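Okay, structure first, notes after.
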Amino acid sequence: MPSQNSAYVSDTAPGRGALRAARSWLHSDAPSRSLDGHWRFRLSPTVPAAADFAAEGFDDGDWDSIPVPSHWVLQGDGAYGRPIYTNVQYPFPIDPPHVPDENPTGDYRRHFDMPADWSGAERVVLRFDGVESLFRLWVNGEEIGGASGSRLAHEFDVTSAVRPGDNVVAVRVHQWSAASYLEDQDQWWLPGIFRDVTLIARPAGGIEDVWLRAGYEDGQGRIEAEITADAAAFPVTLRVPELGVERVWAAPDDVVPFDVGAVDPWSAERPRLYDVTVSSAAESIALRVGFRTVEIRGDRFLVNGRRVVFHGMNRHETHPERGRVFDEEHAREDLARMKRFNVNAIRTSHYPPHPRLLDLADELGFWVVLECDLETHGFDKVGWTGNPSDDPAWREAYLDRMRRTLERDKNHPSVVMWSLGNEAGTGGNLAAMAAWVHARDTGRPVHYEGDHTGEYTDVYSRMYASVPETERIGSDGSRSPLMNCTPAQSARQRTKPFLLCEYAHAMGNGPGALDQYEALVHEYPRLHGGFVWEWRDHGILTTTPDGTPYYAYGGDFGETVHDGNFVMDGMLLSDDVPTPSLHEYKAVAQPVRLTFDSGAGEVAVTSLRHSADTSDLRFRWRVEHDGRLVDSGDLEVPVVAAGESGRVPLPPVAVAHDAETWLTVDAVLAADTAWASAGHVIATAQQDRSARRPSPGVRSRTDWRDTDGTLTLGIAEFVEGSLVRLAGRPVTGPRLELFRAPTDNDESASEEVEESDAAVAGVSQATLWREDGLDRLTVRRMSVERTADALRTLSKVSAANSGSWVTVETVWSIEGGELELRVEIEPSRGWRTVWPRIGIRFDLPDGTAPVDAAEWFGLGPLESYPDSLRAARTGRFSSTLRDLSVDYARPQETGHRSQVRQLTLTSAGAEVLRLSAVPDTRGRRPGFTLGRHTPQQIARAAHPFELPDSTTSHLIVDAAQHGLGSRACGPDVWPEFALRPESRTIRLRLSAG
Ligand code: IPT
């Protein structure tokens with residue numbers, strides 16, 4: 001029997017009692033008190049029968065204490081339950097609007113002091129900025145009301161209950177409620193009072209709400225104010241001291257739009273803000289206003305008349321220890337980091353962030369798509385039957401969420417679009433939200449991806465569209481219907497600006513193809529860029545039973561239903577470390593393009609910015625010979641306006657005869673900004689100026705004879721045809737390695753394979769690789785032969801139960817006094833799949849001098865793959881062995897450095913072994929990976945702590961690697977970057993350190 005006292009948790013009504021209308025989150029001088037801090041806390045596994053705890057005199061002496069804001073599942077070391085991660089799945093039966101009786105319920109209590117001088121206040125208000133998911137509120141034993149909408153602000157009028165001096169507030173929070181059906185975002189379920197609680201005095205004659213719409217046109221600013229206040233609050237004065245503006249409105253009717261004269265516009269690039277105050281006799285409100293006008297003209301999305309290209313990130317609020325509890329310093333650093341990586345936009349997936357985040361976005365400069373707290377994705381499981389989005393019983397809940405979203409954040413210049421939510425199917429309630437927004441805010445368009453046919457939204461939005469599909473959307477020529485659209489609906493969608501609200505799924509190692517998406521944006525003006533999924537991993541810092549710290553993902557807390565490591569799909573690891581994909585993103589999104597014109601001896605500087613010119617930049621050049629600096633200087637570049645291009649002569653470059661010559665030009669910040677120091681690189685380009693040098697050919701030999709294969713050739717020692725020592729240290733190999741520890745993209749079995757011939761629908765590449773035995777190859781030596789200064793072995797490499805093989809010919813020889821290794825790799829017919837890599841592996845046991853670092857000349861400094869090469873530049877780099885690998889939350893392929901020319905392995909600073917690569921006849925150079933584990937060992941570990949202790953370093957030299965793609969949620973590797981089995985040659989020269 002469901003108990004009567006908990007029936008309200010199934011109520012679809014969003015609020016009750018003295019809940020007040022939504023308004024802006026304002027910086028006011030009216031008195032307020034933070035009720036953050038320690039509260040008394042008790043957790044019950046179900047909704048307790050009584051609410052006696054709310055009584056003033058209730059004895060909470062044996063309760064625990066918990067910080068507010070916090071999530072109870074992240075407090076008390078498991079005493080209050082554990083986080084649950086699901087993506088689409090509901091962690092409770094799909095039985096709307098009901099939730100199970102097993103409904104963890106947190107009771108909170110605290111005393112607070114209301115200053116005596118507040119008794120003059122007209123009203124006293126208690127504000128909750130975020131409580132997950134449903135709560136009830138009592139003050140001094142009086143029930144005040146309740147609300148749901150976890151990431152939304154709720155204010156209650158508590159005037160009748162409070163008194164000067166000591167008061168008691170009691171809050172009951174339910175983890176599950178009808179509202180949980182509307183909050184099925186892909187993230188951890190984290191109950192509790194997780195944002196601030198504030199007691200606010202509302203003075204008589206105060207200003208209840210202000211909305212300043214600050215428009216910009218032709219150099220002029222205009223303010224349209226909406227003042228919500230009693231007539232008694234007037235006169236109200238608006239001041240913009242910097243502009244010498246002062247408006248005094250004697251009565252509500254006097255508040256009319258007015259021009260402020262010449263202003264600097266606000267943009268994400270130049271986030272110019274003006275301090276404004278709006279005051280009555282009783283209250284003064286401080287705002288920071290940015291003048292900008294958002295507009296859709298045809299299929300263009302414009303701000304201040306200029307097209308916007310979103311180089312955006314989907315940003316969840318997540319922190320490894322605090323969960324969704326906001327930390328301003330951390331958030332500011334996160335946003336500054338975005339700026340440093342050429343990110344100019346944020347989609348607040350999939351709920352409004354802490355209100356201060358928008359202040360930061362205004363100040364640092366981002367185009368923000370502000371999304372409502374709404375997702376009902378789990379109804380997909382039941383064919384969307386009963387989806388609240390189309391059920392009138394939920395209409396008020398939907399509208400309430402949208403009102404709270406828009407009203408709270410309406411003053412922010414950074415917010416340029418409202419989004420109704422995410423993955424909530426479609427239906428009348430969404431259309432009603434859109435209609436309400438259209439009526440309330442005519443200055444910002446409405447976004448919602450789920451409106452595939454474009455019935456009630458203003459922009460066309462999609463997620464994870466492939467490159468060809470995105471191109472079809474961008475081009476007018478194609479009459480092909482768009483996804484889920486009839487021809488007429490497709491035509492309608494093509495009249496709108498297009499954006500990818502999610503693309504480039506950044507799970508694990510990847511994504512590839514960022515540059516292909518970027519290229520489309522510059523070709524088709526209808527395409528307005530998009531938002532990478534997603535900014536950061538949501539790992540939760542925890543420890544193994546033996547105390548080893550690690551970042552947990554789904555299943556690590558013993559959840560019944562979960563979605564594993566799908567929550568680890570950010571461009572930033574859980575510990576704030578940018579992944580190589582973020583560096584790739586930065587290179588792809590660079591707002592200045594540098595194009596070399598060798599013929600003219602010039603470089604073209606093109607600004608891809610929205611409106612800012614290049615006066616904030618400086619241009620530097622340098623010349624390197626084999627990665628060693630030989631010359632450098634500044635390039636005098638005249639200021640280039642947004643969208644324009646300028647050409648400047650290149651410096652004279654001294655071309656080396658015995659080394660590669662590279663010219664690099666960097667665009668850097670000329671002065672410090674709020675997010676980076678002077679000298680910070682925002683764009684780079686390189687030009688290869690090397691003199692052509694032929695590769696040495698292979699000496700032909702006719703005097704091969706059989707041998708037992710025990711001999712020494714220069715620094716190499718062989719026993720029975722096998723290498724045993726190099727430069728005096730034990731080494732085994734080379735051994736053919738076709739396997740890589742599958743990336744999350746390699747492991748995905750999505751059906752979306754149409755664009756690539758490399759994949760099989762519904763079957764992951766990793767499955768095919770394992771079926772073909774790439775991870776368990778065996779070797780049969782067929783022959784060992786030698787000459788006076790060479791050794792040759794021929795082997796057949798294949799896997800159990802496979803009829804396909806690879807013939808590997810290995811020739812060691814002395815060439816011009818140097819040891820050369822040449823490996824010819826020839827696949828038999830019959831291999832069905834793409835291969836992850838074509839490489840050879842050397843194992844170097846630690847002995848007395850473990851290999852612990854490398855220095856190389858090639859592409860770097862970070863890992864790169866065929867479809868993710870834009871961040872890599874040609875140069876000389878060094879790294880510890882440890883730093884060559886990225887700590888992806890689930891161990892997987894990492895560390896590949898492409899196009900290596902020279903590589904030196906070192907041990908405690910001493911050179912151990914030097915390798916140089918001879919390009920093959922097509923000029924291709926191998927890459928290398930150096931790490932402590934084999935691909936097979938990495939593939940077996942689900943977390944970094946599961947990797948075995950190692951006493952060996954493994955060097956893999958790859959003739960080729962397969963691309964990355966983004967199949968974990970999106971398209972597979974583009975055909976051009978898919979590695980088909982093919983013959984390859986690897987040629988290395990080796991010498992002792
Ligand atoms: C898409 C979701 O909108 C997003 O929240 C996240 O879950 C992402 O997938 C994957 O990480 S929805 C998916 C069906 C494309």
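Only a predicted model underlies this, so the values are computations on that prediction, with no experimental measurement involved.
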Spacing of OG1 belonging to Thr105 relative to CG belonging to Asn103, to within rounding of 0.5 Å: 4.5 Å
Any Pro96 side-chain heavy atom under 4.5 Å of Ile94 side chain: yes
SB check Arg123 Glu208 (cutoff 4.0 Å): yes
Partner residues of Asp744 under the side chain to side chain donor-acceptor pair (under 3.5 Å) criterion, sequence neighbours left out: Asn565, Arg890, Gln892
Listed partners of His38 passing ring pair (Phe, Tyr, Trp, His ring centres under 6.0 Å), at least two apart: none
Pro352 side chain near Asp373 side chain, heavy-atom distance below 4.5 Å: yes
Pair listing, ring pair (Phe, Tyr, Trp, His ring centres under 6.0 Å) test, anchored in residues 92-112, at least two apart: Phe41-Tyr108, Tyr90-Phe92, Phe92-Trp176, Phe92-Tyr181
Atom CD of Glu56: over 12 foreign heavy atoms under 6.0 Å: yes
Donor-acceptor pair, side chain of Trp39 and main chain of Leu35, under 3.5 angstrom: yes
N/O donor-acceptor pair under 3.5 Å between Arg40 side chain and Asp60 backbone: yes
Whether His943 and Phe945 hold their rings parallel, tilted or perpendicular, with breakpoints at 30° and 60°: parallel
Partners passing side chain to side chain donor-acceptor pair (under 3.5 Å) against Glu183 (at least two apart in sequence or in another chain): Ser150, Arg401
Side-chain touch Val73/Leu190, heavy atoms, less than 4.5 angstrom: yes
Short side-chain to backbone donor-acceptor contact, Asp390 and Gly428, under 3.5 Å: yes
Check: Asp362 side chain, Ser414 main-chain N or O, donor-acceptor pair, under 3.5 Å: yes
Short N-O contact, Arg315 and Glu534, less than 4.0 angstrom: no
Heavy atoms from other residues, nucleotides or ligands near CG of Asp52 exceed 12 (cutoff 6.0 Å): yes
Non-hydrogen side-chain atoms of Pro93 and Pro100 separated by less than 4.5 Å: yes
Check: His350 ring centroid to His316 ring centroid under 6.0 Å: yes
Donor-acceptor contact below 3.5 Å, side chain Thr548 vs main chain Thr543: no
Side-chain (Arg151) to main-chain (Pro353) donor-acceptor, under 3.5 angstrom: no
Those residues that, when tested against Tyr551, pass ring pair (Phe, Tyr, Trp, His ring centres under 6.0 Å) (two or more places apart): none
Arg337: salt bridge (charged side-chain N to carboxylate O under 4.0 Å, His left out) partners, not counting sequence neighbours: Glu333, Asp334
Distance in Å, Thr46 OG1 paired with Asp101 CG, rounded so as to fall on 0.5 Å steps: 7.5 Å
Check: Arg42 main-chain N/O paired with Asp107 side-chain donor or acceptor under 3.5 Å: no
All pairs passing salt bridge (charged side-chain N to carboxylate O under 4.0 Å, His left out) where residues 189-201 contributes a residue, at least two apart: Arg195-Glu317
Non-hydrogen side-chain atoms of His447 and Met417 separated by less than 4.5 Å: yes
Audit row: Phe366, His412, ring-ring contact (aromatic ring centres under 6.0 Å, His included) steps and yes/no: CA-CA 11 Å; Phe366 290 94; His412 293 282; over 10 Å; no
Qualifying residues under side chain to side chain donor-acceptor pair (under 3.5 Å), relative to Trp436, sequence neighbours excluded: none
Salt bridge (charged side-chain N to carboxylate O under 4.0 Å, His left out): pairs with one or both residues in residues 551-577, sequence neighbours excluded: Arg536-Asp576
Asp887 vs Val577 side-chain heavy atoms within contact, under 4.5 Å: no
CA sep, side-chain torsions, deciding dist, call: Trp138, Phe156, ring-ring contact (aromatic ring centres under 6.0 Å, His included): CA-CA 10 Å; Trp138 294 259; Phe156 296 87; over 10 Å; no
Salt bridge present between Arg408 and Asp209 (N-O < 4.0 angstrom): no
Euclidean distance, Glu423 CD relative to Cys501 SG, rounded to 0.5 Å: 8.0 Å
Contacts of type salt bridge (charged side-chain N to carboxylate O under 4.0 Å, His left out), residue Arg404, not counting sequence neighbours: Asp400
Contact check, side chains of Trp25 and Arg127, non-hydrogen atoms, under 4.5 Å: yes
Donor-acceptor pair, side chain of Ser177 and main chain of Ala179, under 3.5 angstrom: yes
Distance in Å, Trp188 CH2 paired with Thr86 OG1, rounded so as to fall on 0.5 Å steps: 10.0 Å
Cation-pi geometry met for Arg136 and Tyr8 (6.0 Å, 45°): yes
Aromatic ring proximity, centroids under 6.0 angstrom, Tyr553 and His562: no
Contact summary for Leu430 and Leu374, nearest pair of heavy atoms: CD2-CD2, 3.7 Å
Exam field: side chain Trp535 to backbone Gly570, donor-acceptor pair closer than 3.5 Å: no
All side chain to side chain donor-acceptor pair (under 3.5 Å) counterparts of Arg324, not counting sequence neighbours: Glu132, Gln187
Ring centre gap for Trp533 and Tyr464 strictly below 6.0 Å: no
Heavy-atom side-chain proximity of Met433 to Tyr448 below 4.5 angstrom: no
Spacing of His330 atom NE2 and Leu335 atom CG [to the nearest 0.5 Å]: 11.0 Å
Qualifying residues under ring pair (Phe, Tyr, Trp, His ring centres under 6.0 Å), relative to Phe128, sequence neighbours excluded: Phe135
NZ/NE/NH1/NH2 to OD/OE distance under 4.0 Å, Glu328 and Arg356: yes
Test: Lys410 and Asp441 ion pair at under 4.0 Å: no
Cation-aromatic face contact Arg82/Phe557, 6.0 Å, 45 degrees: no
Donor-acceptor pair, side chain of Asp537 and main chain of Gly539, under 3.5 angstrom: no
